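Right, one structure below, let's go through it.
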Amino acid sequence: MSSLPRLKVAACHAAPVFLDKTATTAKALALMGEAAAHGAELVVFPESYIPAFPIWAALWAPIVNHDLFERMVENSLYLDGPEIAAVRAEARRLGVFVSLGISERSRHSAGCIWNSNLLIGDDGELLNHHRKLVPTFYEKLVWAPGDGEGLRVSDTRIGRIGALICGENTNPLARYALMAQGEQLHISCWPALWPTRLPEGGGNFDNVAANRIRAAAHSFEAKAFGILCAGYMDAAMRDFLVDRDPTVAAVLDGTPRAATLFVDPTGTQVGEMLQAEEGILYADLDLNRCIEPKQFHDVVGYYNRFDVFDLRIERRRHEPVRWADGPALEMPEAPPVDEPAAAQQA
């Protein structure tokens with residue numbers, strides 16, 4: 001007898017409107033509508049979908065990227081801004097859950113941004129706000145490190161949902177933090193490509209193999225379904241980069257593209273994958289399939305030695321200052337989703 005939810009998931013293998021937060025938000029709303037029309041209850045977007053992944057940090061020295069950093073900051077999103085308000089309002093209107101990767105802007109600094117992931121409920125409420133713990137490799141030139149406040153699994157009507165961003169899925173302690181909260185749906189979001197070598201250097205990072213290995217390992221250990229959602233580089237994004245410097249064409253064209261796909265609680269791929277074409281990938285998932293594999297290895301239950309291993313996690317939002325004579329200086333609360341003016345601005 002089934003006791004856990006069954007649901008349809010949509011993973012958007014989509015390109016942003018490169019470095020344009022307003023246009024990319026509008027595209028995200030359209031994709032949400034398309035996914036909902038196909039019966040999806042959870043709609044997932046790639047890493048830093050709004051406004052884009054800062055791929056230029058891999059291509060050029062930071063000394064020549066100041067203008068791109070400024071543009072990235074200007075197009076990053078405030079948590080209480082009109083773009084997030086519009087997505088929340090649309091999630092409520094459609095009755096869908098949304099996992100959205102954004103570049104998040106700070107109210108406390110003119111130039112501090114984070115690589116963040118938001119989980120929005122089908123009622124438009126913000127269920128979780130996670131900032132990537134450690135920006136990976138050249139991402140450190142763009143994003144600040146996050147904190148543990150977002151290492152949370154959200155208990156929803158469609159299952160217990162957790163998410164990690166890109167390289168965080170290589171961190172066994174971060175993954176275990178979600179496993180220990182009964183995670184059933186694990187979202188991992190990724191960039192469209194991740195250059196690590198010049199073409200003549202050989203051995204460039206294989207996005208598909210690396211991401212599949214990490215996602216399959218987590219699903220096998222957690223006994224959870226994995227949703228891998230990668231970005232897509234469209235012609236406009238490539239043209240923007242190549243027009244700036246034609247020599248990077250070989251790097252862009254020679255770097256493997258990431259794939260969007262699903263894996264089941266045994267780590268086996270479910271259905272097809274999207275890689276070379278932009279689109280939405282769907283999967284019907286039955287969370288009851290998470291139960292039987294727990295008989296074999298339940299690493300947060302009987303298959304652990306809690307007398308041997310002891311994990312402590314600080315789950316506190318970091319703030320720039322804590323006043324001795326009063327409360328910490330905190331980020332503004334996200335606004336209600338029924339503010340029409342905020343939604344219209346996006």
Side-chain angles (χ1 to χ4, degrees), residues 2-13 40-42 44-47 99 101 117 119 130 133 136 151 153-154 156 158-191 194 205-231 256-275 280-305 309 311:
S2 298
S3 59
L4 296 177
R6 292 172 175 163
L7 70 151
K8 188 170 189 175
V9 179
C12 299
H13 189 69
E41 294 179 88
L42 171 61
V44 181
F45 288 93
E47 177 180 13
S99 173
N117 183 268
L119 181 64
H130 174 58
L133 295 169
T136 309
L151 289 176
V153 168
S154 299
T156 76
I158 60 170
R160 300 181 64 83
I161 306 171
L164 292 174
I165 303 168
C166 194
E168 291 185 314
N169 292 279
T170 315
N171 186 326
L173 300 182
R175 295 194 300 104
Y176 183 81
L178 301 186
M179 292 183 207
Q181 298 173 71
E183 186 184 43
Q184 297 163 331
L185 292 164
H186 179 75
I187 296 167
S188 56
C189 51
W190 314 85
W194 209 68
F205 192 82
D206 187 340
N207 261 320
V208 176
N211 297 356
R212 183 189 280 119
I213 288 169
R214 287 179 281 190
H218 182 78
S219 286
F220 184 84
E221 293 172 6
K223 314 306 182 193
F225 281 96
I227 304 161
L228 292 78
C229 187
R257 299 296 184 264
T260 291
L261 55 95
F262 301 94
V263 293
D264 71 13
T266 72
T268 302
Q269 183 174 324
V270 176
E272 302 299 318
M273 72 178 190
L274 279 177
Q275 183 183 21
I280 302 177
L281 189 66
Y282 297 94
D284 293 303
L285 307 181
D286 180 0
L287 299 191
N288 291 284
R289 293 183 59 195
C290 300
I291 298 174
E292 180 184 319
K294 290 282 190 179
Q295 287 185 299
F296 313 140
H297 322 99
D298 187 352
V299 298
V300 296
Y302 85 91
Y303 207 72
N304 203 328
R305 287 289 303 276
F309 303 109
L311 177 62

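Quick note: numbers below take in every heavy atom, side chains included, and nothing from hydrogens, waters or symmetry partners. Predicted model only: the values in this text are computed from it and were never measured.
- A heavy-atom distance below 4.5 Å is not found between the side chains of Leu274 and Ile280.
- Going from atom CG of Leu4 over to atom CG of Leu285 covers 12.5 Å, rounded to the nearest 0.5 Å.
- Among all heavy-atom pairs drawn from Ala258 and Asn207, the shortest one is CA-CB, 3.6 Å.
- Side-chain contact check for Ile187 versus Leu185: every heavy-atom pair is 4.5 Å or farther apart.
- Within the 4.5 Å cutoff, the side chain of Ser99 has no heavy atoms near those of the Ile227 side chain.
- Between Ala40 and Ala10 the shortest heavy-atom distance is CB-CB, 3.7 Å.
- The backbone N or O of Leu133 sits less than 3.5 Å from a side-chain atom of Glu168, completing a donor-acceptor pair.
- Counting only heavy atoms from C-beta outward, the side chains of Leu151 and Leu164 approach each other to under 4.5 Å.
- You'll find the side chain of Leu7 reaches within 4.5 Å of the side chain of Leu287, heavy atoms only.
- Residues Leu228 and Ser188 meet the side-chain proximity criterion, which asks for heavy atoms closer than 4.5 Å.
- Using modelled atom types, one side-chain atom of Ser219 and one backbone atom of Ala224 make a donor-acceptor pair closer than 3.5 Å.
- With Asn169 as reference, His186 is the one residue of His186, Arg214, His218 to meet the side chain to side chain donor-acceptor pair (under 3.5 Å) rule.
- Closest approach of Cys189 to Glu47, counting heavy atoms only: CB-N, 3.4 Å.
- Checking side-chain atoms of Gln269 against main-chain N and O of Gly271 turns up a donor-acceptor pair under 3.5 Å.
- Rounding to the nearest 0.5 Å gives a distance of 13.5 Å between OH of Tyr303 and NZ of Lys294.
- Taking every heavy atom of both residues into account, Arg160 and Gly182 meet most closely at CD-O, 3.2 Å.
- When all heavy atoms are compared, the tightest approach of Gly162 to Glu183 is CA-OE2, 3.2 Å.
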Evaluation steps, side-chain hydrogen bond (donor to acceptor under 3.5 Å, both in side chains), between Ser154 and Thr156: CA-CA 6 Å; Ser154 299; Thr156 76; over 6 Å; no
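- The line from SG of Cys166 to CG of Asn211 is 6.5 Å long, rounded to the nearest 0.5 Å.
- Scanning both residues, Thr136 and Gly167, for their nearest heavy atoms gives OG1-CA, 4.2 Å.
- Under a cutoff of 6.0 Å and an axis angle of 45°, Lys223 and Phe220 form a cation-pi pair.
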Yes or no on side-chain contact (heavy atoms from CB on, under 4.5 Å) for Leu261 and Arg212, after CA distance, side-chain angles and deciding distance? CA-CA 8 Å; Leu261 55 95; Arg212 183 189 280 119; 4.2 Å; yes
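- In terms of modelled atom types and a separation under 3.5 Å, the side chain of Asp286 and the main chain of Arg6 share no donor-acceptor contact.
- Between the CZ atom in Arg257 and the CH2 atom in Trp194 there is a gap of 15.5 Å [rounded to 0.5 Å].
- Summarising the geometry, atom CG belonging to Leu42 is positioned 4.5 Å from atom CD1 belonging to Ile158; distances are rounded to the nearest 0.5 Å.
- Annotation: the span from Asp298 atom CG to Met179 atom CE amounts to 11.0 Å, rounded to 0.5 Å.
- Inter-residue side-chain proximity for Thr260 and Trp190 is flagged as unmet; no heavy-atom pair is nearer than 4.5 Å.
- Considering only heavy atoms from C-beta on, Asp264 comes within 4.5 Å of Phe225 through its side chain.
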